[in-house]
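See below for the structure under consideration.
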Amino acid sequence: MMNEFRPNEGDSRLDAAIAAMRNLEIPTDPVERIKSKARALAQVQTVTPSRPRRHKRLAAAGWLASIAATMALAIGTIVWLAAPTNASAFAAMVQNAQKAQSVKGVIQLQLANRTDETPFYLQGNKARFEFAKGAMVRLIDFDQKKLMVIENYKKTYDMASTGKDPLMGDNNPVEQLSHAKTSEAKRIGEEWLDKKLTEVYRVGKFNMMGIRGEGVMTVWVDKETSLPLKIVIADTDPKHESEIRFEKMVWNEPIDPALFSMVIPEGYQLTKETGIDQTRPKTPSAETKVQKLEDNLQGLDFHRAVAKIHWTKPDQVTVLLRDPEKTSASQFKVRELFQVDLTSGQKVWSESVAGSSTVVATSDGSKLITIIGREIQIRSATTGKVESTLVDKTLPGTWALSPDGTTLATTVANWDVKEKGPKGGLRLWDLNKKAVTLSTTEEHPTTFVAFAPDGKSVVTSSNLGTVRVWDAQKGNLSHVYPGIYPCAFSAKGDFLAMAAIDPAKDKTVTQIDLYRPQSAEKVQSLQSDAGTSASTVLGIAFSPDGKMIAAVDWNGRVLVWNLATGKLDPAQRTHKGGVLSLTFSPDGNSIATGSEDGTLRIWTLTP
Amino acid sequence: MNRSFDPDWDQLVNENAQRVFAVAMRILGCVHEAEDASQEAFAQAFQFPKHPPVNCWTGLLVRLTTMRSLDRLRRRNGKKHSAHPLRDGDKLVKNDPAGGMIAEELRGQLLTAILRLPEQQASVFWMIAIEQLSRDEVASALNLSVEAVSTALYKARKSLSVELGSYCLGGKS
């Protein structure tokens with residue numbers, strides 16, 4: 001298979017594409033289905049009598065009558081909808097639900113074509129949720145402030161002292177009902193549901209899954225008991241197909257107390273947190289304590305993984321802190337944006353950023369952008385506070401900011417293997433207009449995005465490769481490289497560096513390849529002396545003067561090459577855990593790296 | 001309706017279902033959509049005017065499926081943006097990661113380029129280059145002369161060659 005192209009080789013490339021198209025494996029199973037449907041089609045077409053002509057006028061009259069009837073019905077419905085709301089009856093129902101002894105049912109959570117079903121049980125101050133067909137069970141005792149997570153597929157359990165399960169907010173129907181603004185409730189009609197007559201109410205501007213006021217709640221209330229039988233909270237835009245449904249709800253029927261038992265099942269082991277230091281105290285996010293590293297080491301210990309670093313001022317960095325990967329589910333704490341003075345180790349500010357996977361900064365360092373759920377938040381780098389927001393309906397995967405700070409690139413990463421069609425994509429936002437200006441699709445989930453220094457092109461990649469460079473104005477794919485993320489442009493834009501995938505070793509990177517972005521010509525391959533211990537590269541960065549390039553990997557190594565000689569700096573720079581992030585200092589004399597081991601290290605570079 | 005000119009529909013379906021589905025699958029890369037497009041092609045073929053009699057049903061079915069599938073692909077990607085490969089390449093990647101990825105890229109680029117061709121050139125190219133129908137069969141299916149088919153194929157290849165030339169893979173391996 002050819003993998004090099006020059007403009008005069010278009011014909012051979014076309015032949016290769018034709019061969020690739022012809023060689024595509026075609027499944028045979030659907031053919032029988034097509035045959036049977038096509039045969040049935042012939043039968044239907046043959047036996048369907050054509051409508052006699054003399055009946056056509058009558059049919060037309062019938063159409064007119066049905067249109068008139070529909071219009072009358074529609075007008076009637078509008079008049080009826082405009083009638084005074086029945087907010088007090090809705091409020092009474094909410095109170096009834098809050099006073100109820102017990103409720104059980106099924107939660108259906110649909111998120112962009114993915115549906116999860118979770119049976120739930122609430123009785124008194126206890127709750128039980130059965131996720132993934134019972135593979136994981138979460139038990140909560142609100143009185144005793146206990147959370148137990150049982151992972152049946154691993155035969156493990158975990159306990160935590162908390163009465164607040166982060167999952168509870170969305171999964172608790174009573175809590176969801178109490179969030180509804182009763183003054184917004186409108187009775188929209190009656191419907192029979194499981195042989196019970198229900199009154200249907202609708203509440204607009206409902207907050208759902210982190211999106212403020214973007215949802216609508218519809219509640220089917222049993223006329224006899226004044227308790228809800230079904231609740232549907234859906235996104236107002238039908239294209240997004242996001243909704244939470246509480247179905248098959250049964251109220252005030254005794255539930256077997258054994259279902260809420262927090263007794264450890266026989267043979268189950270306590271979840272082990274391998275890979276992180278067990279002796280370290282678990283500090284709540286709001287009280288993250290920063291310690292300076294020992295004298296001979298430069299850096300800070302945050303006790304949480306340092307997922308992203310921005311060198312905001314010569315002596316100040318902003319970091320994104322998250323729990324190390326091996327942290328058990330019950331111990332998860334929200335992610336935190338933390339600005340710290342490097343000299344003193346003192347906190348400047350910190351902000352909770354929930355599940356935001358990364359943070360990007362404008363080139364002047366004045367603004368930071370985080371994305372929580374679908375909300376894109378533009379923050380002040382001085383205070384960390386959100387100044388304005390946008391809503392992206394596609395659940396952004398990761399994001400990058402153009403050098404002039406006016407365009408935000410977000411990616412689509414849909415991991416549902418059952419779903420056909422594009423799994424990834426790139427969206428460009430005009431931050432001034434607060435609108436998407438360009439959107440493209442990719443077949444695999446897009447997990448990396450970065451702008452070229454001139455802002456005219458964007459590079460994307462997925463976990464499966466390849467690396468693609470897109471025209472940021474037109475959305476055209478301009479180059480495809482046989483690499484995998486991470487990638488980095490040099491400050492002048494004259495080099496594009498990327499991890500080179502070795503197909504023989506799954507996702508293992510043995511070298512960093514450098515290309516000229518203008519010609520897509522490979523100019524250099526940088527190798528480490530790691531040999532068989534080569535690992536997944538997690539970050540690449542050029543020094544501001546473009547003379548050095550650094551890469552960090554999951555083995556904890558920080559590698560620095562001199563670009564003029566292509567030689568690896570022999571100095572040993574290692575973390576105790578995988579290195580997640582790196583950035584050169586503005587003067588290029590040092591590198592800051594953040595790791596799973598909870599530390600931020602500053603490495604001074606020798607000229 | 002006078003059905004005396006009708007072909008043996010069962011036989012026609014049996015002989016062509018595989019090919020029709022393959023056309024749709026190659027273009028759409030999604031079983032569900034390919035099934036729909038195949039079904040639509042059969043439905044359209046069934047209602048095709050029988051006067052004059054259809055000379056080459058296979059050619060007609062391939063043409064209808066090609067056009068329907070390309071239409072679907074165009075709609076899926078929107079008019080504003082470049083179309084892009086949309087297929088589940090897991091199988092290929094598992095068997096031969098590097099080759100699979102490159103083949104997938106090539107297929108995607110070819111489809112993108114085909115979408116930019118005039119409809120007739122796209123159909124001619126697909127029927128001859130991918131489905132390997134003869135020029136006579138294509139001429140009959142599209143109601144063109146054989147010369148016109150050859151000209152359309154030549155123009156299509158030329159445009160596609162230039163279009164695919166605008167992509168390039170960096171580096172040698």
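We name chains A, B, ... by the order of the sequence lines, and we start the count at 1 in each one.
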### B:Glu163 and A:Leu14: CA distance, side-chain angles, deciding distance, side chain to side chain contact (heavy atoms under 4.5 Å, CB included) verdict
CA-CA 9 Å; B:Glu163 188 78 27; A:Leu14 176 58; over 6 Å; no

### Task
Let me know if B:Gln132 has heavy atoms under 4.5 Å from chain A in its side chain, its backbone, both or neither.
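For B:Gln132, the contact with chain A is made by the side chain alone.
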
Do [X] and [Y] touch side chain to side chain, with heavy atoms closer than 4.5 Å?
{"X": "B:Met25", "Y": "A:Val31", "value": "no"}
{"X": "A:Met21", "Y": "B:Trp126", "value": "yes"}
{"X": "B:Arg157", "Y": "A:Asp15", "value": "yes"}

#### Entry: Nearest heavy-atom neighbours spanning A:Thr466 and B:Glu105
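Closest approach of A:Thr466 to B:Glu105: OG1-OE2, 2.9 Å.
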
### Task
Return yes if some donor-acceptor pair links the side-chain N/O of B:Arg26 with the main-chain N/O of A:Ile26 below 3.5 Å, else return no.
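Flag not set: sc B:Arg26 to bb A:Ile26 has no pair under 3.5 Å.
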
### Task
Please check if atom CD in B:Gln18 has more than 12 non-hydrogen atoms from other residues, nucleotides or ligands closer than 6.0 Å.
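Not buried by this count: 12 neighbours or fewer within 6.0 Å.
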
### Query
Is it the case that more than 12 heavy atoms not belonging to A:Asp430 sit under 6.0 Å from its CG atom?
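Yes.
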
### Message
Let me confirm one number: the CZ-CD distance from B:Phe21 to A:Glu32, rounded to the nearest 0.5 Å.
### Response
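One finds 12.0 Å between CZ of B:Phe21 and CD of A:Glu32.
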
### Task
Would you give the length of the straight line joining atom CD1 of A:Ile18 to atom CZ of B:Arg107, rounded to the nearest 0.5 angstrom?
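Output value for this atom pair is 13.5 Å.
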
